[in-house]
Amino acid sequence: MPVPKVVTRFAPSPTGYLHVGGARTALFCWLLARHCGGEFLLRIEDTDLARSTEQATVQLLDDLRWLGLNWDNPQLVHQSQRTDVYNRLIDDLMARGLAYEAWETPQELAALRQEAEKQKRAFIYQRRNYSTDQLAQFAAQGRKAVVRFATPVQPYSFHDAVLDKDITQPIEEVQDFVIRKADGMPTYHFAVVVDDAEMGVTHVLRGQEHTKNTFLHLALQKALGYAQPVYAHLPVIQNLDGSKMGKRDRDKKVRERAQVWLKTHQKTVDDLATAAALDAPGLGVWIKDSKTQLDLDQQQAVMQAIHLKESELPEILVNDFRRQGYLPEVLLNFLALLGWSPGEDRERMSIGEMVRLFELKDIGKSNAKFSRDKLLSFNTDAVAEADPNRLIAAFRDYLSVNPASPLTPATDAQLAELLDMKKGFRLLREVDELSRFLFVPDDQIDYQPQAVEKVLKKENNQGASVLRDLRQLLEGSATWEAGALEQQVQSYCSEKNLALGKVAQPLRVAVCGSTVSPPIFHSLAFLGRNRTLARIDRCLTILA
RNA sequence: GGCCCCGUCGUCUAGAGGCCUAGGACACGGCCCUUUCAAGGCCGCGACACGGGUUCGAAUCCCGUCGGGGUCACCA
């Protein structure tokens, strides 16, 4: 007998960029499918018309592609385009007496819930019968009904593949739930069940927040005559402090910092709006209301206005890591380890190894905290071992999502050189930020006051006088090449009895404006003689 | 609060009754290397939540306590 093919699916709702939790779910689904030689399908759950956007779908697909999580269905399933399918099934359930129209308004239901809470008992929806008069009244008011599923009252239970145990719903918790909203769209519960069945999904891997939803899905599957897939609920990914890792964490941080900025700078929201070139009323709402969020462009504008650096924000979205310069396979490797371990102390794995080793039974039961340190270390190692061409391609990709970087016009050969110069780097962002001075016009180098003070002015302008000597030395050097330049400077050092640091640092500050840069002689070689001398001259002029 | 789930170093985890004096990785501390930032080398610190059982023997099995998380929508 042939083993039935494993079919998994990732079914995000298009409300924004993919975040790491979603990425891990997608990864596990993908790994299982690939490990078993099955299929991995993608479906867009856009039944919430108000929150779903086309833009978000595009972003989601882009993130998935970047990660390399390829899906097997050529045409995407959009739930919003399948309402007639759902409606036919819902109408059929109604005809069979398994679903009915319910007329309570959201306000009424909220009141009932509040009442239940006051009485310290769980709210259970009770079906109501309406008189013909009432119904006529509702119709006259234009009130729209929802459809509820008449859940057969019985215990529901399933075997969870992660917990490796049966989970049972207490029978008194069974209640009728909405399957078609007032706007005519199916609810999530109805659409997933129908689509999973129609797409032949055999294994449902999803976040633990869905565990209790499974009972509803079981009831629906039974009524619709569908087979029950294998369920596996994944542990939650948390922040280091134990809070749930959510998309809003960054927005929260930006808001906090914006509020601090307003206070310390004695500014108004209008000032901020002007500085960020944003709409003032909108910004005013955002800054006070933690339920609202800025979109990515607005967020960047505010960050720029208040001088909040990218690196000060927690990375949450897959796109954040991409813009930071992580390699996608590293993110995947790290994410896989959040909740899965192949045993035998194995950690650093290629995608291929993960596919080979992935088993449902090795998924852990307890929540995992997301530690960026370890991810950073993984990236450092991966990037050190990566093929040069792979790295150049990754750098290009990095620049494509960091279009403001002055390195954008660099040639591949130049990128390769920068990468090589800064060997031992951890993130592409480091290479980028540390190399920017090489691509900035000579007369636009910013001299950091503390660097100038410490390295050039201190001890009676010792650094500056060294710099004057070097200017002369470099002007006359026979060859302009890193090794030769270093030798020349070395012999200057022994001649003057100076430590290399006393000489290299003034040079560094003169050329790049700060005390930190890639190895200085390679930097000089990259810059060329003319540009180096021009910078030294300008620095000397500014000092004088 | 009701219901459900979980509980090994700071973090991710290995561990399926004797292989455990509990292993690895990251972080951290010290030393070394060094023209800056990194990277690298060596050494070190560090956990079975607690209390009861079961057993010749428990991190592993059972019960309780405590702690943590999830969920209680016309969002997914």
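The structure presented is a predicted model; accordingly, all values stated were derived computationally and were not measured. Sequence lines set the chain letters: A, B, ... in the order given, protein chains first and strands last, and positions in each chain run from 1.
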Within the 3.5 Å criterion, strictly below it, is a donor on [X] or [Y] matched to an acceptor on the partner's side chain?
X: A:E45; Y: A:Q79; result: yes
X: A:Y130; Y: A:E101; result: no
X: A:D176; Y: A:Y100; result: yes
X: A:D63; Y: A:Y17; result: no

Which nucleotide in the set [options] lies at the smallest distance from any side-chain heavy atom of [X]?
X: A:S341; options: B:C5, B:A25, B:A14; value: B:A14
X: A:E45; options: B:A76, B:G24, B:C6; value: B:A76
X: A:L163; options: B:C26, B:C5, B:A76; value: B:C5

Using a 4.0 Å heavy-atom cut-off across all strands, classify [X] as base, sugar-phosphate, or nothing.
X: A:R148; result: sugar-phosphate
X: A:A182; result: base
X: A:G339; result: sugar-phosphate
X: A:V178; result: sugar-phosphate

For [X] and [N], give me the distance from atom [atom1] to atom [atom2], rounded to whole Å.
X: A:D373; N: B:G29; atom1: CG; atom2: P; result: 12 Å
X: A:I171; N: B:C3; atom1: CD1; atom2: C1'; result: 15 Å
X: A:E172; N: B:C72; atom1: CD; atom2: C1'; result: 14 Å
X: A:F158; N: B:C4; atom1: CZ; atom2: P; result: 13 Å
X: A:Q175; N: B:G2; atom1: CD; atom2: P; result: 18 Å

If you take any heavy atom closer than 4.0 Å to RNA chain B, which residues from residues 104-114 of chain A end up in contact?
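Heavy-atom contacts with RNA chain B come from A:E104, A:T105, A:P106, A:L109, A:R113.
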Kindly indicate whether the side chain of A:K365 and the base of B:C6 share any N or O donor-acceptor pair separated by less than 3.5 Å?
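Check fails, no donor-acceptor contact within cut-off.
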Using atom names, set out every protein N or O paired with an N or O of nucleotides 62-70 of chain B below 3.5 Å, distance rounded to 0.1 Å.
| residue | atom | partner | partner atom | Å |
| --- | --- | --- | --- | --- |
| B:G69 | O2' | A:N367 | ND2 | 2.7 |
| B:G70 | O2' | A:Q208 | O | 3.4 |

How does each nucleotide of nucleotides 15-22 of chain B score, in 5' to 3' order, for protein heavy atoms under 4.0 Å: base (B), sugar-phosphate only (S), or none (-)?
--------
Counting primed atoms, P, OP1 and OP2 as sugar-phosphate and everything else as base, the B/S/- map of nucleotides 34-51 of chain B against protein heavy atoms under 4.0 Å is -BBBBSS-----------
For B:A76, does OP1 or OP2 lie under 4.0 Å from any side-chain N or O of A:K181?
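True: A:K181 side-chain N/O within range (under 4.0 Å) of B:A76 OP1/OP2.
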Which ring pair (Phe, Tyr, Trp, His ring centres under 6.0 Å) pairs, counting each pair once, include a residue from residues 363-383 of chain A, with sequence neighbours left out?
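Residue pairs with at least one partner in residues 363-383 of chain A: A:F321-A:F370, A:F334-A:F370.
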Close N/O contacts between protein and nucleotides 30-33 of chain B (under 3.5 Å):
none

